[in-house]
Number of protein chains: 2
Amino acid sequence: MPKRSPYVQSLKKAGYRLTQARLTVLDVLEADHGHITSADVLAKVERINPAIGRASVFRTLELFTQLGFIRPTYIDTSHTPSYVMMRGGHHHHVICTDCKRFFEFENCGLEAMTRNLQRELDMQISGHLLEFYGVCADCRGEDRAEQPS
Amino acid sequence: MPKRSPYVQSLKKAGYRLTQARLTVLDVLEADHGHITSADVLAKVERINPAIGRASVFRTLELFTQLGFIRPTYIDTSHTPSYVMMRGGHHHHVICTDCKRFFEFENCGLEAMTRNLQRELDMQISGHLLEFYGVCADCRGEDRAEQPS
DNA sequence: ATTTATGCAAAACTTTTGCATGGGA
DNA sequence: TCCCATGCAAAAGTTTTGCATAAAT
């Protein structure tokens, strides 16, 4: 069963070796749809293959970030990053600032803006991250209940 | 000379005391247009008023994040966050993934999308962060020069 | 065979906590 | 005066580094 993840192909094409550490981290990221903290990546990789060292996981996360596979961001204010997968170079989600749940969505309509910025700033734009912040219906309900008068 | 920063007003209205630590961190953030790492905030606050402790700076950054004044993000891959100011609840920039320079821009045209998401997800949306990634003209030039064949 | 990438373990940082005390309102 | 917020300093995490070795190609 050959690996057919587009990321594996990219890694290979860029001249990087397909090592256990890299393939395992990739599996973990893809299994979680890419919303995962560094601590969780560390823990899951360790569970899958305890022979893989922490340092390699961090080195891999950095490499994947450089290659644009993932992007670190802060889902909650805890100071450990969450990594999101940049499928097709972009990622969009809405985060509830109260319960920290998030909802991904696909169509962002930013193609025109990308072209504009590319032209105006003379930059080769490869992707983007769009995060909305708000309060979900559940949390608004809870809030109301918590405020008696 | 009274403080007239809208953030100071918000702090007061929310019932928080206007302490030296909070006012100083606010000054530092505003002086840098809000693109500044935690380490830099720490250093600048210490330079302005050495009596302010690290812990208070971190507590203040967390408070400001909760209040929506700022938002932590990763400008470079170094694992210390950069804080951006969420003026009017939103922030938009383009980052050069090579030299890490960034360019802020104002009009994002996301008002309609905000309304749509609000309706579709039943969320009270308060703001957003939009980051584009790319390579600036300077870095593309350098790259070309570095590739002889 | 050649290197690149790794694992290890320690070092280097960054951030958080607990608690007595000071400074805003 | 009251009590929220602070400073301190230690603890708790997280990430990075250096180097001999393993493992991809």
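Chain identifiers are assigned alphabetically (A, B, ...) following the order of the sequence lines, protein sequences preceding nucleic acid strands; residue numbering begins at 1 within each chain.
Counted by atom type alone, A:H91 and A:H93 present one or more donor-acceptor pairs between their side chains at under 3.5 Å.
Between B:T19 and D:dT6 there is a side-chain N or O to OP1 or OP2 distance below 4.0 Å. OP1 or OP2 of D:dG7 sits under 4.0 Å from a side-chain N or O of B:S56.
Side-chain N or O atoms of B:H92 include one that pairs as donor or acceptor with a backbone N or O of B:F105 at under 3.5 Å. Between the side chain of B:N107 and the main chain of B:G109, no donor-acceptor pair closer than 3.5 Å is present. Proximity of a side-chain donor or acceptor of A:T97 to a complementary backbone N or O of A:G134 within less than 3.5 Å is detected.
Place A:A21 and B:Q20 on DNA chain C by their nearest nucleotides, and A:A21 ends up nearer the 5' end.
Rounded to an integer number of Å, the gap from CG of B:L61 to C1' of D:dA5 is 15 Å. Distance OH (B:Y16) to C1' (D:dC3): 15 Å, rounded to an integer number of Å. A straight line from CG of B:L26 to P of D:dA5 spans 15 Å, rounded to a whole angstrom. Atom CZ of B:R22 and atom C1' of C:dG23 are 12 Å apart (whole Å). Between the P atom of D:dA5 and the CG atom of B:L67 lies a distance of 11 Å, rounded to the nearest Å. If you take NZ of B:K13 and P of C:dA25, they are 15 Å apart, rounded to a whole angstrom. Taking atom CD1 on A:I52 and atom C1' on D:dA22, their separation rounds to 14 Å, with Å as the unit. Remark: P of C:dT4 and NZ of A:K12 are 18 Å apart, rounded to the nearest angstrom.
Other residues, nucleotides and ligands contribute over 12 non-hydrogen atoms within 6.0 Å of the NZ atom of A:K100.
Taking the charged nitrogens against the carboxylate oxygens, B:R140 and A:D122 do have a contact shorter than 4.0 Å, which makes a salt bridge.
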Where do N or O atoms of nucleotides 14-16 of chain C meet protein N or O atoms at under 3.5 Å, pair by pair?
residue: C:dT15; atom: OP2; partner: B:S38; partner atom: OG; Å: 3.1

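Applying the side-chain hydrogen bond (donor to acceptor under 3.5 Å, both in side chains) rule to pairs touching residues 53-73 of chain A yields A:E62-B:T77, A:R71-B:Y133, A:T73-A:E131, sequence neighbours excluded.
Taking 3.5 Å as the limit, the base of C:dT4 and the side chain of A:R17 contain a donor-acceptor pair of atoms between them.
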